[in-house]
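First up is the structure itself, then whatever we jot down about it.
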Amino acid sequence: MPVMALLYGLIWRLLLAMVRIKRATVSWLRVRLRTWRGRFWQRTMAALLLPVPVSEFPNYQKKAVLNQNSDGDEGSRGAGSRRSRWMCDGNSLEKLPVHIGFVVAEEELSYTDIANIVVWCMAVGVSYVSVYDHHGIFQKNNSCLQEEIMRQQQNLLGGDDSRYNMDLVKNSTDKPQHFVVTCRPIVKVLSPEDGKHSIVQAARKLCHSVEKKEWSSKDISVSMLDILLRESKNIPDPELVVKFGPVNSTLGFLPWHIRLTEFISLPSHKNVSYEDLFSALQQYSACQQRLGQ
(Lines give C-alpha, C1' and ligand atoms only; values in the text may rest on other atoms or scores of the structure.)
Protein backbone atom coordinates (compact mmCIF):
# COMPACT_ATOMS: atom_id res chain seq x y z
CA MET A 1 0.00 0.00 0.00
CA PRO A 2 2.68 2.56 0.79
CA VAL A 3 4.38 1.69 -2.48
CA MET A 4 1.14 2.14 -4.42
CA ALA A 5 0.44 5.45 -2.72
CA LEU A 6 3.88 6.70 -3.59
CA LEU A 7 3.45 5.62 -7.21
CA TYR A 8 0.09 7.38 -7.45
CA GLY A 9 1.69 10.55 -6.03
CA LEU A 10 4.46 10.50 -8.63
CA ILE A 11 2.00 9.97 -11.46
CA TRP A 12 -0.16 12.82 -10.18
CA ARG A 13 2.77 15.22 -9.98
CA LEU A 14 3.86 14.21 -13.48
CA LEU A 15 0.41 14.93 -14.83
CA LEU A 16 0.35 18.34 -13.10
CA ALA A 17 3.74 19.18 -14.57
CA MET A 18 2.56 18.21 -18.06
CA VAL A 19 -0.58 20.33 -17.67
CA ARG A 20 1.48 23.34 -16.58
CA ILE A 21 3.90 22.85 -19.48
CA LYS A 22 0.93 22.65 -21.87
CA ARG A 23 -0.58 25.85 -20.47
CA ALA A 24 2.74 27.70 -20.71
CA THR A 25 3.23 26.48 -24.27
CA VAL A 26 -0.30 27.55 -25.27
CA SER A 27 0.18 30.96 -23.67
CA TRP A 28 3.50 31.46 -25.44
CA LEU A 29 2.01 30.43 -28.78
CA ARG A 30 -0.91 32.84 -28.29
CA VAL A 31 1.44 35.73 -27.58
CA ARG A 32 3.60 34.93 -30.60
CA LEU A 33 0.56 34.50 -32.79
CA ARG A 34 -0.84 37.89 -31.75
CA THR A 35 2.52 39.53 -32.33
CA TRP A 36 2.90 37.92 -35.73
CA ARG A 37 -0.62 38.88 -36.74
CA GLY A 38 -0.02 42.47 -35.65
CA ARG A 39 3.18 42.74 -37.64
CA PHE A 40 1.58 41.04 -40.61
CA TRP A 41 -1.33 43.46 -40.71
CA GLN A 42 0.95 46.43 -40.14
CA ARG A 43 3.11 45.40 -43.06
CA THR A 44 0.06 44.68 -45.18
CA MET A 45 -1.52 48.09 -44.48
CA ALA A 46 1.78 49.86 -44.99
CA ALA A 47 2.17 48.18 -48.36
CA LEU A 48 -1.36 49.17 -49.34
CA LEU A 49 -0.92 52.77 -48.24
CA LEU A 50 2.42 53.35 -49.93
CA PRO A 51 2.09 55.68 -52.97
CA VAL A 52 2.62 53.81 -56.20
CA PRO A 53 4.78 55.57 -58.81
CA VAL A 54 2.81 56.83 -61.80
CA SER A 55 5.36 55.24 -64.10
CA GLU A 56 4.08 51.81 -63.03
CA PHE A 57 0.83 52.60 -64.83
CA PRO A 58 1.72 52.88 -68.52
CA ASN A 59 -1.72 54.12 -69.53
CA TYR A 60 -1.93 56.86 -66.90
CA GLN A 61 -0.19 59.60 -68.86
CA LYS A 62 -2.09 58.66 -71.96
CA LYS A 63 -5.40 58.93 -70.11
CA ALA A 64 -4.36 62.25 -68.53
CA VAL A 65 -3.52 63.69 -71.93
CA LEU A 66 -6.82 62.47 -73.32
CA ASN A 67 -8.68 64.04 -70.40
CA GLN A 68 -6.91 67.38 -70.93
CA ASN A 69 -7.69 67.28 -74.62
CA SER A 70 -11.31 66.41 -73.94
CA ASP A 71 -11.58 69.32 -71.47
CA GLY A 72 -10.07 71.65 -74.06
CA ASP A 73 -12.44 70.35 -76.72
CA GLU A 74 -15.41 70.88 -74.41
CA GLY A 75 -14.25 74.45 -73.73
CA SER A 76 -13.88 75.12 -77.45
CA ARG A 77 -17.28 73.65 -78.16
CA GLY A 78 -18.78 75.76 -75.39
CA ALA A 79 -17.20 78.95 -76.76
CA GLY A 80 -18.32 78.04 -80.26
CA SER A 81 -21.91 77.46 -79.17
CA ARG A 82 -21.95 80.77 -77.30
CA ARG A 83 -20.58 82.61 -80.33
CA SER A 84 -23.22 81.05 -82.58
CA ARG A 85 -26.01 81.84 -80.15
CA TRP A 86 -25.00 85.46 -79.64
CA MET A 87 -24.45 86.01 -83.35
CA CYS A 88 -27.91 84.64 -84.07
CA ASP A 89 -29.35 86.95 -81.41
CA GLY A 90 -27.75 89.94 -83.13
CA ASN A 91 -29.07 88.88 -86.54
CA SER A 92 -32.56 88.41 -85.12
CA LEU A 93 -32.87 92.09 -84.17
CA GLU A 94 -34.64 94.39 -86.61
CA LYS A 95 -31.96 97.04 -86.00
CA LEU A 96 -28.68 96.84 -84.16
CA PRO A 97 -26.85 99.94 -82.91
CA VAL A 98 -23.57 100.62 -84.67
CA HIS A 99 -22.31 102.49 -81.62
CA ILE A 100 -23.45 101.69 -78.09
CA GLY A 101 -22.28 103.60 -75.03
CA PHE A 102 -22.20 102.50 -71.41
CA VAL A 103 -22.41 105.15 -68.70
CA VAL A 104 -21.52 103.89 -65.22
CA ALA A 105 -23.04 106.17 -62.58
CA GLU A 106 -21.80 104.17 -59.60
CA GLU A 107 -18.97 104.74 -57.17
CA GLU A 108 -17.60 101.18 -57.14
CA LEU A 109 -16.55 99.90 -60.55
CA SER A 110 -16.28 96.29 -61.67
CA TYR A 111 -13.78 95.75 -64.49
CA THR A 112 -14.89 92.15 -65.00
CA ASP A 113 -18.55 93.04 -65.49
CA ILE A 114 -17.72 95.85 -67.92
CA ALA A 115 -15.38 93.51 -69.80
CA ASN A 116 -18.17 90.95 -70.09
CA ILE A 117 -20.50 93.60 -71.52
CA VAL A 118 -17.91 94.67 -74.08
CA VAL A 119 -17.33 91.07 -75.19
CA TRP A 120 -21.08 90.44 -75.51
CA CYS A 121 -21.41 93.53 -77.69
CA MET A 122 -18.59 92.27 -79.90
CA ALA A 123 -20.31 88.88 -80.20
CA VAL A 124 -23.71 90.24 -81.30
CA GLY A 125 -22.11 92.48 -83.93
CA VAL A 126 -21.79 95.98 -82.41
CA SER A 127 -18.94 97.85 -84.13
CA TYR A 128 -18.28 100.68 -81.63
CA VAL A 129 -18.45 100.48 -77.85
CA SER A 130 -17.85 103.42 -75.50
CA VAL A 131 -17.23 103.01 -71.77
CA TYR A 132 -17.67 106.10 -69.58
CA ASP A 133 -17.63 106.97 -65.91
CA HIS A 134 -17.93 110.51 -64.58
CA HIS A 135 -14.68 110.30 -62.58
CA GLY A 136 -12.59 109.04 -65.51
CA ILE A 137 -11.39 106.01 -63.52
CA PHE A 138 -11.72 103.58 -66.42
CA GLN A 139 -9.69 105.91 -68.61
CA LYS A 140 -6.97 106.31 -65.98
CA ASN A 141 -6.76 102.53 -65.59
CA ASN A 142 -7.36 101.59 -69.19
CA SER A 143 -4.60 98.96 -69.09
CA CYS A 144 -6.49 97.06 -66.38
CA LEU A 145 -9.67 97.23 -68.41
CA GLN A 146 -7.77 96.11 -71.50
CA GLU A 147 -6.37 93.06 -69.73
CA GLU A 148 -9.77 92.14 -68.33
CA ILE A 149 -11.43 92.45 -71.75
CA MET A 150 -8.83 90.18 -73.28
CA ARG A 151 -9.25 87.67 -70.44
CA GLN A 152 -13.03 87.57 -70.76
CA GLN A 153 -12.76 87.45 -74.54
CA GLN A 154 -10.65 84.31 -74.17
CA ASN A 155 -13.05 82.79 -71.63
CA LEU A 156 -16.30 83.59 -73.44
CA LEU A 157 -15.38 83.51 -77.13
CA GLY A 158 -12.11 81.65 -77.33
CA GLY A 159 -8.93 83.16 -78.73
CA ASP A 160 -8.90 81.59 -82.18
CA ASP A 161 -11.40 83.81 -84.00
CA SER A 162 -9.93 86.98 -85.51
CA ARG A 163 -13.42 88.41 -86.14
CA TYR A 164 -13.61 89.33 -82.46
CA ASN A 165 -10.26 91.12 -82.23
CA MET A 166 -10.56 94.82 -81.49
CA ASP A 167 -8.93 98.17 -80.85
CA LEU A 168 -8.90 99.91 -77.51
CA VAL A 169 -8.73 103.71 -77.63
CA LYS A 170 -7.88 105.48 -74.40
CA ASN A 171 -9.70 108.69 -75.30
CA SER A 172 -11.29 110.48 -78.21
CA THR A 173 -8.10 112.07 -79.54
CA ASP A 174 -5.78 109.07 -79.40
CA LYS A 175 -5.29 106.75 -82.31
CA PRO A 176 -6.33 103.12 -81.81
CA GLN A 177 -3.90 101.07 -79.75
CA HIS A 178 -3.55 97.69 -81.46
CA PHE A 179 -3.29 95.27 -78.60
CA VAL A 180 -4.74 92.58 -80.88
CA VAL A 181 -3.76 92.42 -84.53
CA THR A 182 -6.45 92.71 -87.22
CA CYS A 183 -9.18 94.38 -85.25
CA ARG A 184 -12.82 94.92 -86.11
CA PRO A 185 -14.77 96.42 -83.18
CA ILE A 186 -13.56 99.69 -81.65
CA VAL A 187 -13.69 100.17 -77.88
CA LYS A 188 -13.31 103.72 -76.59
CA VAL A 189 -12.75 104.60 -72.95
CA LEU A 190 -14.13 108.09 -72.30
CA SER A 191 -14.15 110.57 -69.44
CA PRO A 192 -15.68 114.03 -68.83
CA GLU A 193 -12.68 115.51 -70.69
CA ASP A 194 -14.15 114.07 -73.88
CA GLY A 195 -17.51 115.78 -73.33
CA LYS A 196 -17.86 119.47 -72.49
CA HIS A 197 -14.10 119.95 -72.57
CA SER A 198 -13.96 118.92 -76.23
CA ILE A 199 -16.67 121.48 -77.06
CA VAL A 200 -14.63 124.18 -75.34
CA GLN A 201 -11.53 123.17 -77.30
CA ALA A 202 -13.44 123.27 -80.60
CA ALA A 203 -14.83 126.73 -79.77
CA ARG A 204 -11.32 127.98 -78.94
CA LYS A 205 -10.03 126.61 -82.23
CA LEU A 206 -12.71 128.54 -84.10
CA CYS A 207 -11.86 131.72 -82.19
CA HIS A 208 -8.13 131.34 -82.95
CA SER A 209 -8.93 130.81 -86.63
CA VAL A 210 -10.93 134.05 -86.71
CA GLU A 211 -8.15 135.84 -84.82
CA LYS A 212 -5.59 134.65 -87.39
CA LYS A 213 -7.85 135.78 -90.25
CA GLU A 214 -8.19 132.21 -91.47
CA TRP A 215 -11.98 132.47 -91.18
CA SER A 216 -14.34 135.34 -90.73
CA SER A 217 -16.88 135.56 -87.95
CA LYS A 218 -19.59 134.95 -90.58
CA ASP A 219 -18.12 131.50 -91.28
CA ILE A 220 -18.70 130.31 -87.73
CA SER A 221 -21.88 128.27 -87.46
CA VAL A 222 -23.32 125.27 -85.68
CA SER A 223 -22.49 123.07 -88.64
CA MET A 224 -18.84 124.21 -88.54
CA LEU A 225 -18.62 123.33 -84.82
CA ASP A 226 -20.30 120.03 -85.54
CA ILE A 227 -17.66 119.19 -88.16
CA LEU A 228 -14.82 119.98 -85.77
CA LEU A 229 -16.29 117.86 -82.99
CA ARG A 230 -16.89 114.88 -85.25
CA GLU A 231 -13.37 115.06 -86.63
CA SER A 232 -12.01 114.88 -83.10
CA LYS A 233 -14.11 111.84 -82.19
CA ASN A 234 -13.75 109.71 -85.34
CA ILE A 235 -16.72 107.61 -84.29
CA PRO A 236 -20.42 107.76 -85.18
CA ASP A 237 -22.95 109.12 -82.74
CA PRO A 238 -24.15 106.48 -80.26
CA GLU A 239 -27.59 105.18 -81.18
CA LEU A 240 -28.01 103.56 -77.77
CA VAL A 241 -26.64 104.40 -74.32
CA VAL A 242 -27.15 102.04 -71.39
CA LYS A 243 -26.82 103.85 -68.06
CA PHE A 244 -26.02 101.94 -64.89
CA GLY A 245 -26.88 103.34 -61.47
CA PRO A 246 -29.57 105.32 -59.64
CA VAL A 247 -28.58 108.77 -60.98
CA ASN A 248 -30.97 110.13 -63.61
CA SER A 249 -28.34 112.06 -65.55
CA THR A 250 -26.04 111.58 -68.53
CA LEU A 251 -23.16 112.86 -66.33
CA GLY A 252 -21.56 114.75 -69.20
CA PHE A 253 -21.33 111.83 -71.62
CA LEU A 254 -20.66 113.26 -75.12
CA PRO A 255 -23.30 116.02 -74.86
CA TRP A 256 -22.93 117.04 -78.52
CA HIS A 257 -23.38 113.53 -79.89
CA ILE A 258 -26.48 112.25 -78.06
CA ARG A 259 -29.23 114.39 -79.60
CA LEU A 260 -30.87 111.34 -81.19
CA THR A 261 -29.62 108.71 -78.77
CA GLU A 262 -31.95 106.23 -77.09
CA PHE A 263 -31.26 105.87 -73.34
CA ILE A 264 -32.04 102.76 -71.31
CA SER A 265 -31.36 102.53 -67.56
CA LEU A 266 -30.33 99.46 -65.59
CA PRO A 267 -29.96 99.33 -61.78
CA SER A 268 -26.29 98.35 -61.72
CA HIS A 269 -23.47 97.08 -63.91
CA LYS A 270 -22.42 94.59 -61.23
CA ASN A 271 -23.50 91.02 -61.90
CA VAL A 272 -25.24 92.16 -65.08
CA SER A 273 -26.11 89.25 -67.35
CA TYR A 274 -26.15 88.76 -71.10
CA GLU A 275 -29.93 88.57 -70.91
CA ASP A 276 -30.00 92.09 -69.40
CA LEU A 277 -27.91 93.43 -72.28
CA PHE A 278 -29.92 91.64 -74.94
CA SER A 279 -33.15 92.91 -73.39
CA ALA A 280 -31.83 96.47 -73.77
CA LEU A 281 -30.95 95.74 -77.40
CA GLN A 282 -34.45 94.38 -77.97
CA GLN A 283 -35.97 97.55 -76.49
CA TYR A 284 -33.83 99.66 -78.81
CA SER A 285 -34.77 97.51 -81.79
CA ALA A 286 -38.47 97.92 -81.06
CA CYS A 287 -38.41 101.69 -80.47
CA GLN A 288 -39.44 104.11 -83.22
CA GLN A 289 -37.14 107.11 -83.65
CA ARG A 290 -39.08 109.86 -85.44
CA LEU A 291 -36.02 112.14 -85.64
CA GLY A 292 -38.01 115.28 -84.84
CA GLN A 293 -40.91 114.49 -87.17
Side-chain angles (χ1 to χ4, degrees), residues 97-122 126-153 166-180 183 185-205 225-270 272 277 280:
V98 176
H99 179 191
I100 180 171
F102 295 99
V103 177
V104 182
E106 298 176 86
E107 295 300 324
E108 295 183 4
L109 306 180
S110 172
Y111 290 84
T112 300
D113 288 312
I114 291 296
N116 286 337
I117 294 171
V118 171
V119 174
W120 292 332
C121 289
M122 295 163 53
V126 177
S127 298
Y128 296 88
V129 179
S130 296
V131 178
Y132 176 92
D133 69 281
H134 62 292
H135 293 306
I137 297 175
F138 281 131
Q139 192 176 91
K140 294 175 184 176
N141 301 285
N142 69 312
S143 59
C144 296
L145 181 60
Q146 169 183 326
E147 293 175 0
E148 193 62 35
I149 290 174
M150 294 182 66
R151 186 180 298 110
Q152 297 307 317
Q153 178 184 359
M166 61 183 173
D167 281 340
L168 178 69
V169 182
K170 183 177 180 181
N171 52 47
S172 60
T173 58
D174 288 349
K175 294 182 179 180
Q177 298 173 350
H178 296 266
F179 64 91
V180 180
C183 55
I186 303 294
V187 179
K188 289 209 169 188
V189 186
L190 304 175
S191 71
E193 294 294 319
D194 302 297
K196 295 180 180 180
H197 184 69
S198 62
I199 298 177
V200 173
Q201 287 182 330
R204 287 177 177 174
K205 185 175 181 179
L225 182 61
D226 184 68
I227 292 172
L228 289 176
L229 289 171
R230 294 186 187 283
E231 286 178 352
S232 65
K233 291 294 177 290
N234 294 320
I235 56 174
D237 291 349
E239 293 95 344
L240 171 64
V241 169
V242 178
K243 183 186 68 65
F244 299 105
V247 180
N248 293 322
S249 171
T250 61
L251 300 174
F253 174 76
L254 300 180
W256 190 267
H257 300 76
I258 56 175
R259 293 170 295 173
L260 304 175
T261 300
E262 185 75 15
F263 278 81
I264 296 176
S265 296
L266 292 178
S268 175
H269 72 293
K270 295 180 181 178
V272 69
L277 174 65

Return the set of residues passing side chain to side chain contact (heavy atoms under 4.5 Å, CB included) with Pro255 (not counting sequence neighbours), or none when no residue passes. Lys196, Ile199

Please identify each residue that fulfils salt bridge (Lys or Arg N to Asp or Glu O under 4.0 Å) with Glu148, with sequence neighbours left out. Arg151

Shortest non-hydrogen contact from His257 toward Pro238: O-CD, 3.5 Å

Please list, chain by chain and in numerical order, all residues satisfying side-chain hydrogen bond (donor to acceptor under 3.5 Å, both in side chains) with His99, sequence neighbours excluded. Ser130

My understanding is that only one of Ile137, Asn141, Val131, Ile114 makes a side chain to side chain contact (heavy atoms under 4.5 Å, CB included) with Leu109; could you say which? Ile137

Nearest-0.5 Å distance that lies between atom OG1 in Thr261 and atom CG in Leu240: 8.5 Å

Identify all side-chain donor-acceptor contacts of residues 100-107 below 3.5 Å with residues at least two apart in sequence or on another chain.
from   : atom 1 : to     : atom 2 : distance (Å)
Glu106 : OE1    : Ser268 : OG     : 2.8
Glu106 : OE2    : Ser268 : OG     : 3.4
Glu106 : OE2    : His269 : N      : 3.0
Glu106 : OE2    : His269 : ND1    : 2.5

Test of understanding: with ring pair (Phe, Tyr, Trp, His ring centres under 6.0 Å), list the residues that count as partners of Tyr111, not counting sequence neighbours. Phe138

Quick one: do Ile117 and Val272 satisfy side chain to side chain contact (heavy atoms under 4.5 Å, CB included)? Show the steps, please. CA-CA 8 Å; Ile117 294 171; Val272 69; 3.5 Å; yes

Separation of Trp120 CH2 from Gln153 CD (nearest 0.5 Å): 14.5 Å

Does any part of the side chain of Tyr132, heavy atoms only, come nearer than 4.5 Å to the side chain of Leu251, both counted from C-beta? yes

Strictly distance-based, threshold 3.5 Å: is any side-chain N or O of Lys140 a donor or acceptor partner for the main-chain N or O of Asn142? no

Interatomic spacing from CD1 in Ile186 to OG in Ser127 - rounded to 0.5 Å: 9.0 Å

Residues at least two apart in sequence or cross-chain that pass side chain to side chain contact (heavy atoms under 4.5 Å, CB included) with Ser191, listed by chain then number, are Gln139, Glu193, Asp194

Between Glu239 and Val98, is there a donor-acceptor pair closer than 3.5 Å when you use the side chain of the first and the backbone of the second? yes

